[in-house]
Structures are given as structure tokens and as C-alpha cells.
Protein chains: 2
Amino acid sequence: MAPTAETLTAERILEATEEVLRRHGPAKATVVDVARALGVSHGSVYRHFRTKAALREAVTKRWLDRTSQELSGIATDASRDPETRLRDWLATLFAAKRRKAGDDPELFATYMVLTDESGSAVADHVADLTGQLARIVESGVESGAFASPDPARTARALFQTTGRFHDPCYAGDWTRPDIETDFTAVLDLLVRGLRTS
Amino acid sequence: MAPTAETLTAERILEATEEVLRRHGPAKATVVDVARALGVSHGSVYRHFRTKAALREAVTKRWLDRTSQELSGIATDASRDPETRLRDWLATLFAAKRRKAGDDPELFATYMVLTDESGSAVADHVADLTGQLARIVESGVESGAFASPDPARTARALFQTTGRFHDPCYAGDWTRPDIETDFTAVLDLLVRGLRTS
DNA sequence: GGACTGACAGATATTGAAATCTGTCATCTG
DNA sequence: CAGATGACAGATTTCAATATCTGTCAGTCC
């Protein structure tokens with residue numbers, strides 16, 4: 001077997017695909033381009049990914065998982081009180097999205113196209129994030145800080161109500177000057193609804 | 001002056017434009033089509049609307065205003081308590097949007113295209129709706145049912161947090177079976193955050 | 001023999017010439 | 001003379017021919 005650097009792995013294909021998507025955009029990125037970037041024939045790519053759609057979905061999943069990872073640390077950090085963790089978690093999610101959208105709008109638009117066509121990757125990602133929120137809510141219920149008859153349901157509500165600050169369909173609003181004010185107002189309202197009265 | 005039915009007015013042009021948009025869709029609806037439907041030359045249409053974009057925006061504004069009207073009655077009905085009014089107002093908004101999206105998806109898609117290209121019509125509409133919400137919140141503060149240091153700000157937060165149930169970008173989710181559950185969960189959380197503890 | 005290639009058929013995207021549309025305006029009409 | 005017309009220039013869209021891509025697979029190469 002040739003050395004690792006020259007072995008064609010799924011991982012190397014995903015990296016090359018990301019690069020091709022970054023360069024060409026989602027409309028013009030072809031499997032042939034990916035193969036060319038790797039110096040192989042496009043038939044070899046199809047040995048690792050059944051279809052172009054599967055390849056794109058794998059890239060999307062990787063990208064989404066990076067965000068999940070960044071947040072899971074906050075969700076499970078038992079050393080801080082649940083309200084602080086909740087605020088921090090949502091603020092970090094918002095900041096991460098806004099940074100991605102602001103730093104490289106074209107790449108962000110590329111991933112918006114990918115997530116739109118992705119079958120279950122986005123749903124899985126949302127389920128993951130909602131699960132993290134549920135953990136925070138559960139911590140709060142246990143410590144007596146939060147009231148919630150059904151933390152999973154409350155977590156869904158928290159995720160959905162804050163959509164304006166993490167859902168890509170609102171990316172255009174994230175540069176507005178009063179977005180921070182709006183974010184604070186929403187968070188205050190939600191936390192108030194969550195606290196034990 | 002010829003009888004009203006034959007006089008070319010802005011109103012008649014708007015009606016004809018709606019019909020042309022309904023028949024042809026936003027991509028294929030032309031000013032020439034509108035003029036043909038009215039039995040006049042397209043030059044006459046340009047006497048009433050400076051550009052095609054202005055004509056489309058006027059149609060959009062009319063369409064949005066119809067929804068505002070439907071809701072304003074609830075917002076100003078002082079005979080019912082604020083919490084009931086708030087829940088009713090949001091439920092009515094959700095129901096209206098879901099009905100429009102479900103009954104005639106193509107027409108709804110048409111208006112999504114129009115609102116996307118409309119300059120200020122959507123912003124004005126959102127400001128109108130947020131103003132109605134602010135009235136309800138104010139009523140609640142006056143009656144002692146709600147706590148809010150800044151009703152206008154709270155109204156914005158209420159509108160934004162419920163986006164999933166009225167923003168067209170989520171129209172695809174409105175047919176999901178558990179959407180009603182989600183709506184109730186969100187409303188419960190928000191109302192709890194609003195009530196005087 | 002397992003990984004890779006490249007020719008191939010059908011599907012999709014690109015391209016440029018022709019058709020249509022937008023917006024203007026000199027002219028007409030009642 | 002107020003309101004309507006239709007020819008026109010430049011911009012945009014359509015359409016069909018052409019090129020490229022996707023996904024397969026028989027065959028090649030370590």
C-alpha cells in the first residue's frame with residue numbers, strides 16, 4: 001500500500017471537495033473537478049461515494065458537525081449555572097453563524113445551497129443541537145432554576161424561537177446595527193419564561 | 001369621462017396584474033400581458049406605474065395590507081383580556097399564513113418572490129404588525145397582566161420569536177404533523193415570560 | 001486481486017442567435 | 001389638452017445546438 005499521503009481516502013476526497021466548492025461554488029463544482037484536484041480519475045471518487053449527492057451531503061455533515069462540537073463543550077460544562085450556560089450557548093451559536101456568514105459570504109452561500117439539498121443532514125444537526133439545549137434545560141430543572149414539564153419540548157421551543165439568530169435564512173439581517181439589541185430582548189424574554197417564578 | 005368600468009385606474013391595473021401573476025407566475029408575468037388583459041397598450045400602464053418594479057411592489061403592498069387588516073381587529077378589541085388577545089392574534093396570523101400557503105402553493109410562491117424583490121413593503125408590513133403587537137402588550141401592562149419595561153421592544157421580540165409560524169421561509173414546515181405542538185410550546189414559553197410573576 | 005482507469009450512454013449545463021420585453025416619446029384622438 | 005397609442009432602442013429571455021458532466025463497467029495495472 002502506498003504511503004498515507006497518497007492513499008485515496010474518503011477523508012482526502014472530502015477535503016478536496018471542500019476546496020473545489022470554495023473555489024468554484026456549488027453550481028459549478030463537479031466530480032471531475034474533485035478528481036482532477038486529487039490527480040485521479042473521477043471513477044475513483046465514485047468508489048468512495050455512490051453519487052455526487054452523497055459526496056455533497058458528507059461535506060455538509062462534516063461542516064455542520066464542526067459547529068455542534070464547538071457548542072457541546074458549553075452544554076455539558078456543569079461548573080457554571082444553567083442560565084449562564086444557556087445564554088452563553090445561544091450567544092456562541094449566534095456568533096459562530098454570524099462570523100461564518102460575514103467572513104466569507106460566498107462560502108456561506110455555498111453551504112446554504114448544500115444544506116437545502118441535503119436530505120437528513122440538517123435534520124440530524126438540528127436534533128443534535130436541540131439535544132444539547134435539552135441538557136441545559138434539564139440541568140436547570142434539577143438545580144431548581146428552571147421550570148419545565150418537558151425539557152425536550154422546551155428545548156425545541158428555545159431553538160425555534162431563536163431561529164432569527166442562527167437560521168441561515170436570516171443571514172442577511174445579521175449585519176443590521178440593532179441585531180444585538182433584538183438578541184438581548186429575545187433572550188431576556190425566553191429566560192424569564194424559563195425561570196421558576 | 002367614460003363609465004367607471006371602462007376608465008383605466010391604478011386599482012383596475014392592480015387587479016389585472018394580480019390575475020396575470022396568478023395565471024403566469026412571477027417569472028413570466030409581463031407588463032404587456034397586463035395591458036392585453038385590460039385591452040389597452042402597455043404604454044398606458046406606464047402612465048400609472050413608473051416601472052414594472054413599482055407595479056409589482058404595489059400589488060405586494062395590497063396583498064400584505066389584507067393580512068394586516070384581518071389582524072388589527074383582534075389587536076384593538078379591548079373587550080378581551082390581553083393574554084387571550086395575544087394568543088388569538090398569533091394563532092390567527094399563523095392560520096392565515098398556513099391557509100394561504102396550503103390552499104394555493106403556487107400563488108404563495110409567487111408572493112414570496114414578490115416580497116423578496118420588494119424594497120420597503122415588507123419592512124413596512126412588519127412594522128405594522130409589530131405595532132399591533134405592541135398595543136396588545138401595552139394593554140397587558142396597563143391591566144397588570146404583563147410585565148414589560150419597553151412594550152415596543154417586547155413586541156419586536158414576540159414577532160421575531162414566532163417567526164417559524166409566520167415567516168414564509170418556513171412555509172415548508174407548516175404541514176408537519178407536530179407543528180401545532182411546537183406552536184403551543186412556543187406560545188406557552190413566551191406568555192410565561194410575559195406574565196407578571 | 002483489489003484499486004484504478006477511461007470510454008460510453010443518458011442527463012444536464014452552456015452558449016449565442018433570435019425573439020420578446022421594458023421603458024420612452026413623438027404622435028394621434030375625442 | 002388629457003389620455004392613449006405604437007414604434008423604437010437597449011436589456012432580457014428563450015431555444016436549440018453543442019459541450020460537459022454523471023454514473024457504469026469492462027478492462028488495466030501493480
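No hydrogens, no waters, no symmetry mates; every other heavy atom, side chains included, goes into these values. Since the structure is predicted, the reported quantities are computational estimates derived from the model, not experimental observations. The chains referred to below are lettered A, B, ... by the order of the sequence lines, with proteins before strands, and numbering in each begins at 1.
Distances shown here put a side-chain N or O of A:Ser44 below 4.0 Å from the OP1 or OP2 atom of C:dT5.
Contact annotation for B:Thr30: backbone-only contact, meaning every heavy-atom pair under 4.0 Å involves sugar-phosphate atoms and none involves a base. Here A:Val32 lies in heavy-atom contact (under 4.0 Å) with a base.
Protein atom CG of B:Asp33 is 19 Å distant from nucleotide atom P of C:dA19, rounded to whole Å. Here D:dG10 presents its C1' atom at 16 Å from NZ of B:Lys52, a figure rounded to the nearest Å. Put simply, NZ on A:Lys28 is 12 Å from C1' on C:dT15, counting in whole angstrom units. Taking atom CG of B:Leu38 as the reference point, atom C1' of D:dG3 lies 15 Å away to the nearest angstrom. Nucleotide C:dG23 holds its P atom 9 Å from the NE2 atom of B:His42, rounded to whole Å.
Taking for each of A:Ala53 and B:Gly43 the nucleotide of DNA chain D with the nearest heavy atom, the 5'-most of the two is the partner of B:Gly43. Closest-nucleotide positions on DNA chain D for A:Ala29 and B:Val40 were compared, and the one nearer the 5' end corresponds to B:Val40.
In this structure, A:Arg50 fails the cation-pi test against A:Tyr46, since its NZ or CZ atom is not both closer than 6.0 Å to the six-membered ring centre and inside 45 degrees of the ring normal.
The two residues A:Trp63 and A:Lys100 have their closest heavy-atom pair at CZ2-CD, 3.9 Å.
Residues B:Tyr170 and B:Phe165 place their aromatic rings such that the two centres sit no closer than 6.0 Å.
Checked for salt-bridge contact, A:Asp188 and B:Arg153 meet the test: a charged N lies under 4.0 Å from a carboxylate O.
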